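A short write-up of the structure that comes next.
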Number of protein chains: 2
Amino acid sequence: MTKPAPRPKTRIQRRNTGAILEAALEVFSAQGFRGATLDQIAEVAGLSKPNLLYYFASKEAIHLEVLTGLMDTWLAPLRALDAAGDPMEEILGYVRRKLEMSRDLPRESRLFANEILQGAPRMQPALAGDLKALVDEKAAVIRGWAEAGRIAPVDPHHLVFSIWALTQHYADFDVQVRAVLGEGHDPFAEAEPYLETLFRKLLAV
Amino acid sequence: MTKPAPRPKTRIQRRNTGAILEAALEVFSAQGFRGATLDQIAEVAGLSKPNLLYYFASKEAIHLEVLTGLMDTWLAPLRALDAAGDPMEEILGYVRRKLEMSRDLPRESRLFANEILQGAPRMQPALAGDLKALVDEKAAVIRGWAEAGRIAPVDPHHLVFSIWALTQHYADFDVQVRAVLGEGHDPFAEAEPYLETLFRKLLAV
DNA sequence: CGTTTGTCTGACCATCCGGTCAGACAATCA
DNA sequence: TGATTGTCTGACCGGATGGTCAGACAAACG
């Protein structure tokens with residue numbers, strides 16, 4: 001057979017591509033794209049390097065697949081923001097879900113952070129495309145709430161940025177947060193009420 | 001003469017070490033430590049690779065020198081927080097200075113972000129040492145203000161984290177912010193009044 | 001059972017990259 | 001001016017790393 005391995009078809013393919021993507025997430029998120037090596041990923045996945053390259057065309061291809069495969073998960077919390085719900089509870093719920101993702105999926109957060117820090121060389125289109133569309137849509141919802149006087153007037157885009165910044169900070173800069181707090185702290189447990197208060201005050205009419 | 005080049009002594013040494021550190025900041029901040037190469041730094045600095053290694057012992061040594069050399073600049077805004085000043089104006093001033101640093105010194109911001117994202121392998125001691133000490137000191141000041149009823153009660157450490165997160169986000173995730181906002185926006189100009197409002201509401205008694 | 005299709009690997013290659021070194025070249029100064 | 005000290009480079013080295021390939025091996029299926 002020729003080189004391009006078809007997408008998950010057989011049982012073995014599903015298992016191995018899954019193991020590779022999981023291992024790649026582990027390694028890429030910890031070392032960045034350039035810092036990660038195929039040998040590391042192969043070892044974590046429990047496969048040989050040539051076997052990785054039997055399933056994926058290149059290191060680039062693995063990275064891209066991890067990135068795109070995680071986009072849906074990553075944007076789900078924002079998608080769940082419901083125009084029909086109560087404004088304050090919807091936004092606070094979004095904050096809470098994002099903070100939980102930072103706590104439970106820090107590798108995903110760091111993976112995206114690494115990519116964007118380097119100028120998003122492999123994600124530029126997705127940012128200006130799907131992401132912008134989604135944010136614009138939800139920003140319109142938030143603007144509607146503000147204009148109806150149901151929350152305080154705020155710039156909806158920068159509100160979203162501030163939610164991203166404040167929640168992802170606890171995943172991306174985890175070592176710094178823990179170093180500054182010292183022993184005996186649970187950053188996420190402390191951040192939750194802090195952020196709830198912050199956004200309640202910001203949005204109260 | 002032996003290998004270790006003495007610290008800036010002659011005119012030429014000062015000029016070249018300066019050019020190297022400037023070039024290293026440029027390259028390390030854009031590519032991360034692992035992604036940067038000595039050839040790139042040498043080219044940006046206008047020197048040959050062996051000449052870099054005449055002035056610095058290794059790639060590691062250059063990186064460490066850039067990092068430590070920038071710490072003072074980086075922490076200056078927080079150091080300037082004055083216990084004797086007006087609480088609200090002091091904190092808003094700190095926010096403004098940090099945002100200006102994100103705008104004017106984005107390379108420095110990304111350099112630190114890269115380092116911390118990778119687990120701060122070369123900065124752990126500085127974080128748990130000088131940085132923690134400085135933050136603890138200023139946190140005590142803020143706690144004092146809160147207990148005196150001059151600002152609303154807040155967790156001072158997480159207040160500092162939120163200032164870092166919100167301001168550095170505009171430097172570190174610049175491409176994402178610009179992609180989502182689209183053409184015709186000045187992220188920093190928009191962020192300034194947004195952040196001022198946010199912190200005014202958070203801290204108002 | 002044999003054939004076809006799919007899975008896997010050891011050995012290998014080319015390139016990149018951090019780092020070395022002998023010695024050329026330039027500045028300084030007695 | 002000659003000697004000393006400081007600056008710089010071309011050529012080279014060894015290890016790491018992404019990627020290839022011929023063929024061994026296993027599963028599926030008629």
Side-chain angles (χ1 to χ4, degrees), chain A residues 1-28 30-67 114 118 121-122, chain B residues 1-28 30-67 114 118 121-122:
Chain A
M1 167 170 209
T2 57
K3 210 56 195 292
R7 289 294 137 230
K9 222 171 44 180
T10 77
R11 182 173 29 104
I12 295 178
Q13 270 177 30
R14 226 181 303 269
R15 173 168 52 85
N16 284 351
T17 54
I20 292 169
L21 292 175
E22 157 67 24
L25 170 60
E26 181 73 23
V27 177
F28 280 136
Q31 320 265 22
F33 178 78
R34 198 74 173 9
T37 71
L38 287 179
D39 291 280
Q40 288 173 35
I41 298 173
E43 189 183 343
V44 173
L47 301 172
S48 71
K49 185 172 67 172
N51 204 7
L52 289 199
L53 294 164
Y54 171 71
Y55 289 102
F56 292 90
S58 65
K59 185 185 178 184
E60 278 266 350
I62 298 177
H63 190 249
L64 197 64
E65 182 71 23
V66 177
L67 232 34
N114 257 308
Q118 313 297 326
R122 303 163 244 278
Chain B
M1 155 161 223
T2 58
K3 207 58 195 291
R7 290 294 137 228
K9 221 173 44 180
T10 76
R11 182 173 29 105
I12 296 178
Q13 270 176 30
R14 226 181 302 270
R15 172 167 53 83
N16 284 352
T17 54
I20 292 169
L21 292 175
E22 156 66 24
L25 170 59
E26 181 74 24
V27 177
F28 281 137
Q31 320 265 22
F33 178 77
R34 199 72 170 16
T37 71
L38 287 179
D39 291 280
Q40 288 172 37
I41 297 173
E43 189 184 342
V44 173
L47 300 171
S48 69
K49 185 171 66 170
N51 205 7
L52 290 198
L53 294 164
Y54 171 71
Y55 288 102
F56 291 91
S58 66
K59 185 184 179 185
E60 277 267 348
I62 299 176
H63 189 248
L64 196 63
E65 182 70 24
V66 177
L67 232 35
N114 258 309
Q118 311 299 325
R122 302 164 243 278

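In this text the structure is predicted, and so the values were computed from the model without any measurement. Protein chains get the first letters and strands the later ones, always in sequence-line order, with residue 1 at the start of each.
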Using a heavy-atom distance cut-off of less than 4.0 Å, which residues of residues 33-43 of chain B contact DNA chain C?
->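 By residue number: B:A36, B:T37, B:L38.
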Taking all non-hydrogen atoms of both residues into account, name the closest pair between B:V27 and B:A36 and its distance.
->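 In this case the closest contact between B:V27 and B:A36 is CG1-CB, 3.5 Å.
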In whole angstrom, give the distance that lies between atom [atom1] of [X] and atom [atom2] of [N].
{"X": "A:R14", "N": "C:dG6", "atom1": "CZ", "atom2": "P", "result": "15 Å"}
{"X": "A:E60", "N": "D:dT17", "atom1": "CD", "atom2": "C1'", "result": "15 Å"}
{"X": "B:L47", "N": "D:dG6", "atom1": "CG", "atom2": "P", "result": "19 Å"}
{"X": "B:Q13", "N": "D:dT5", "atom1": "CD", "atom2": "C1'", "result": "11 Å"}
{"X": "A:L52", "N": "D:dG19", "atom1": "CG", "atom2": "C1'", "result": "12 Å"}
{"X": "A:R15", "N": "C:dC8", "atom1": "CZ", "atom2": "C1'", "result": "12 Å"}
{"X": "B:I20", "N": "D:dT7", "atom1": "CD1", "atom2": "P", "result": "11 Å"}

Can you list the steps and then say if A:F33 with A:Q118 is a side chain to side chain contact (heavy atoms under 4.5 Å, CB included)?
-> CA-CA 10 Å; A:F33 178 78; A:Q118 313 297 326; over 6 Å; no
From B:R14 atom CZ to B:N16 atom CG, the distance as rounded to the nearest 0.5 Å |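 That separation rounds to 12.0 Å.
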Find the distance between NZ (A:K59) and NZ (A:K49) and round it off to the nearest 0.5 Å.
->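 Atom-to-atom, A:K59:NZ and A:K49:NZ are 11.0 Å apart.
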Base C:dG19 paired with B:K59 side chain (donor-acceptor, <3.5 Å) |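 Between C:dG19 and B:K59, which were checked side chain against base, a qualifying N/O pair under 3.5 Å is absent.
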Heavy atoms, side chains only, cut-off 4.5 Å: are A:L21 and A:F56 in contact?
->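 Heavy-atom side-chain distance check passes, below 4.5 Å.
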Kindly point out which of D:dT20, D:dC8, C:dG19 is positioned nearest to the side chain of B:L53?
->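 Side chain of B:L53 sits closest to C:dG19.
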Can you figure out which of D:dG10, D:dC8, C:dT9 approaches the side chain of B:P50 most closely?
->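 Among D:dG10, D:dC8, C:dT9, the one nearest the side chain of B:P50 is D:dG10.
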Would you say [N] has OP1 or OP2 under 4.0 Å from some side-chain N or O of [X]?
{"X": "B:S58", "N": "C:dG18", "answer": "no"}
{"X": "B:Y54", "N": "C:dG19", "answer": "no"}
{"X": "A:R11", "N": "D:dA27", "answer": "no"}
{"X": "A:T10", "N": "C:dG6", "answer": "no"}

Do the rings of B:F28 and B:H63 sit parallel, tilted or perpendicular, given the 30° and 60° boundaries?
->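 Perpendicular: the ring planes of B:F28 and B:H63 meet at over 60°.
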Check: residues 38-47 of chain B side-chain donor-acceptor pairs under 3.5 Å, at least two apart:
unit_1: B:Q40; atom_1: OE1; unit_2: B:Q31; atom_2: NE2; d: 3.2

5' precedence on DNA chain C between B:K49 and B:I12 (nearest-nucleotide basis) =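 Looking at the nearest nucleotide for each, B:K49 comes out on the 5' side.
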